[in-house]
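A quick note: this is a predicted structure, and the numbers were derived from the prediction, not measured.
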Amino acid sequence: MTATLWPSSRFPPTRAAGLQRLSDFVPHAGAHYAARRNTDYGPQKPASVSRLSPYLRYRLITEEETVRAVLQNHSFEAAEKFIQEVLWRTYWKGWLEMRPQVWQAYQRHHEVLKEKHQHDPILQAAEQGETGIDGFDEWVKELVQTGYLHNHARMWFASIWIFTLKLPWVLGAAFFLRHLLDADAASNTLSWRWVAGLQTPGKTYLATTENIARFTDGRFAPKGLALHAEALVEPPLAAPQPLRALKSFDPQASTLLLVHPDDLHPESILPRDGTIKAIAFVNDRRFFWGENAYQFIASCEGDIKERIAQHYGCQPTSISRDEVEKVIDYAKNKNIKQIMTPFAPQGLISAWLGSLESMFNQAGVSLVFRRRHWDETFWPYATKGFFPFKENIPSLLRARGIS
C-alpha cells in the first residue's frame, strides 16, 4: 500500500490548533465522553473522543493544562473517564521509565522478527490491508493515510493481528510506530503487550464480531475472528528501577536551551527570567519511526520557533542530530556552561540524548535534563498496574493544585 502523508487539515500542526481542539472538546469531556468514548463512528464523522493525542504526544499541549481545563468545567467525578485516559499516557511512560529493559528487549526482538518474517505472505497481506477481514483492512488504510486510529479500533486491530492472524505482536507494534502520528515507545509498546497478555500476565483482550459491530455503529461485523485468546508468556520481569536522579539545574547560570520533539512546550518548564541566552531546535528524520510523524513535526517547526523566540527573547537555531558540535562551539564562544533540555522518556530521542552526555562533559559544558513536575508527581506511582495507579490520581491532582 502506498502511504498518503497525513492530511494537515485533520491535525493542524500548531500549538494554537491543539488548544482550540481542547477548548472545543472540554464541554463534552464529562458524561458525553463517558457514554460514547468507545464508539468509533469512522474517520469522516464527528468523534466523541478528543483527538488530542498527537498534540499531547509531543507536548504541543501538556497533560497538566488539559486536565486543568477539563476540571474548570466539570467535577472530577463527571470527567473521571477522560482524565484517566490522559493519565494512561503518563502511566505508561512512568512504567517504562522504571523498566527500560522492556523497551530494549522489544527493539532486539523487532530486529530478529523483521528479518524472519520479511517474506511472510500473511504479514504482507496485513500491512497492505488485504486480509479480507471486515474492518481490519479499512483500519489499515485509515492508519496509513491519516496517521490516526480511534483507541478502540487500535485494540481490535491488535487483537486480530495477534490472535486471528497469528502474527508477532512486536511486528504489529512496529507497524503502528511507522504510521501513527502519536506513537511513543511507552504507550504503543505497552498497549500491544496488554492485548497480548504480557503486560498484565494472563489477561488478554479478545476482539469479537459483536463488540466491533456494536461500537462501530454497525459499520463492520467481521467473521472468522479467533474465539480464544491464549496469553503470551515471558520470563518474570525484574523489579522496577528508581527513576533516574537528574543533575541539578543552576537557575543563576547562563543557559542554552536544547529543544527536541519529545517536548515542544519548554515555556512551561523554564520561566522567562533572562537565564536563556540561546536556543537550539533539533529535529531529525531519525527521531521518528515513520514519515507521518516526522512530517507532522517538520510542519510544526515554524510555529515552535516563533513561539519560543517570543517567549525567551532569542531566535532559535535549527540543527540536525549530527550538528551538536555547533551547539557546543556556540556555548563555549558565549561562555555558556549549562545546556538544558527537557527530559525525554524512553525512545529514540532519549537514546540520542544519552549518547551526548560524555561529549558535553568533555567540552566542559553541563548537560542538564529537566523533568516536568507532572511526571515527577505521577511516574513514581507507576510501579504496578494501572488500577493501583488510578487510585492515587485524585490526591496527586490535588497535590498539583488541580481540582
Side-chain angles (χ1 to χ4, degrees), residues 1 37-43 47 49 53 84-85 88-89 91-92 95 102 106 109-110 113 117 120-144 146-180 182-234 385-387:
M1 177 183 298
R37 65 192 180 94
N38 284 330
T39 301
D40 179 6
Y41 296 101
V49 295
S53 57
Q84 286 180 5
E85 286 303 311
W88 263 105
R89 183 174 290 273
Y91 165 77
W92 285 138
W95 192 96
V102 172
Y106 167 80
H109 293 158
H110 175 250
L113 291 169
H117 289 266
D120 186 336
I122 298 176
L123 176 63
Q124 292 172 2
E127 293 188 342
Q128 293 295 320
E130 297 175 352
T131 65
I133 298 174
D134 189 31
F136 184 92
D137 291 347
E138 286 77 10
W139 295 323
V140 170
K141 296 176 176 65
E142 181 182 349
L143 172 60
V144 172
T146 72
Y148 181 82
L149 278 182
H150 187 287
N151 185 60
H152 210 165
R154 299 184 196 199
M155 294 165 58
W156 296 321
F157 187 107
S159 178
I160 293 170
W161 181 286
I162 297 167
F163 301 117
T164 298
L165 297 175
K166 305 294 186 182
L167 290 168
W169 74 268
V170 169
L171 297 182
F175 185 67
F176 270 19
L177 284 175
R178 293 200 302 275
H179 295 292
L180 283 172
D182 60 27
D184 66 59
S187 297
N188 189 68
T189 307
L190 303 184
S191 294
W192 275 82
R193 284 172 52 85
W194 181 81
V195 171
L198 294 171
Q199 194 63 24
T200 303
K203 183 178 180 180
T204 59
Y205 175 78
L206 182 65
T208 67
T209 301
E210 294 74 21
N211 186 263
I212 293 172
R214 176 186 175 189
F215 289 108
T216 60
D217 206 23
R219 290 186 301 126
F220 306 122
K223 305 300 182 183
L225 301 186
L227 299 178
H228 303 284
E230 184 175 348
L232 305 185
V233 295
E234 65 182 357
F386 181 76
F387 292 99

*Asks:* Between Y205 (side chain only) and W194 (backbone N and O only), is there a donor and an acceptor less than 3.5 Å apart?
*Replies:* no

*Asks:* Going from CH2 on W156 to OG1 on T209, what distance comes out if it is rounded to the nearest 0.5 angstrom?
*Replies:* 11.5 Å

*Asks:* Are any non-hydrogen side-chain atoms of L206 and L225 less than 4.5 angstrom apart?
*Replies:* no

*Asks:* With sequence neighbours left out, write down each residue that passes ring-ring contact (aromatic ring centres under 6.0 Å, His included) with F163, or none if nothing qualifies.
*Replies:* none

*Asks:* Drop me the distance from L171's CG to R178's CZ, to the nearest 0.5 angstrom.
*Replies:* 8.5 Å

*Asks:* How would you list all residue pairs meeting salt bridge (charged side-chain N to carboxylate O under 4.0 Å, His left out) that involve residues 188-215, not counting sequence neighbours?
*Replies:* R193-E234

*Asks:* How close do L113 and P168 get, heavy atom to heavy atom, and via which atoms?
*Replies:* CD1-CB, 3.9 Å

*Asks:* Looking at every non-hydrogen atom in both residues, tell me the closest pair between L167 and A126 and how far apart they are.
*Replies:* CD1-CB, 3.8 Å

*Asks:* Parallel, tilted or perpendicular: which fits the ring planes of W92 and W88, with parallel below 30° and perpendicular above 60°?
*Replies:* tilted

*Asks:* So H152 and N211, side-chain contact (heavy atoms from CB on, under 4.5 Å) or not? Walk me through it.
*Replies:* CA-CA 10 Å; H152 210 165; N211 186 263; 3.3 Å; yes

*Asks:* Nearest heavy-atom pair of E85 and R37: which atoms, and what distance?
*Replies:* OE2-NH1, 3.6 Å

*Asks:* Which distance, rounded to the nearest 0.5 Å, do you find between the CG of D184 and the OG1 of T189?
*Replies:* 8.0 Å

*Asks:* F157 vs F136 aromatic rings, parallel, tilted or perpendicular, using cut-offs 30° and 60°?
*Replies:* parallel

*Asks:* Are the side chains of V49 and N151 in touch, meaning some heavy atoms are under 4.5 Å apart?
*Replies:* no

*Asks:* Atom OG1 in T204, atom CG in L198: separation rounded to 0.5 Å?
*Replies:* 10.5 Å

*Asks:* Can we say R219 and E138 salt-bridge, meaning some charged N sits less than 4.0 Å from an Asp/Glu carboxylate O?
*Replies:* no

*Asks:* Compute the ring centroids of F220 and W139, then answer whether they are less than 6.0 Å apart.
*Replies:* yes

*Asks:* Between R154 and Y148, is the side-chain contact (heavy atoms from CB on, under 4.5 Å) condition met? List the steps.
*Replies:* CA-CA 9 Å; R154 299 184 196 199; Y148 181 82; 3.7 Å; yes

*Asks:* Which residue is it: L143, D182, D40, V140? I am looking for the one with a side chain to side chain contact (heavy atoms under 4.5 Å, CB included) to L149.
*Replies:* L143

*Asks:* Going by heavy atoms in the side chains, are I162 and W192 under 4.5 Å from each other?
*Replies:* yes

*Asks:* In Å, rounded to the nearest 0.5 Å, how long is the span from CG of D134 to CD1 of I212?
*Replies:* 8.5 Å

*Asks:* Checking side-chain contact (heavy atoms from CB on, under 4.5 Å) for the pair I160/I133: CA distance, chi angles, key distance, verdict?
*Replies:* CA-CA 9 Å; I160 293 170; I133 298 174; 3.8 Å; yes

*Asks:* What pairs of residues pass the side-chain hydrogen bond (donor to acceptor under 3.5 Å, both in side chains) test when at least one of them lies in residues 157-169, not counting sequence neighbours?
*Replies:* none

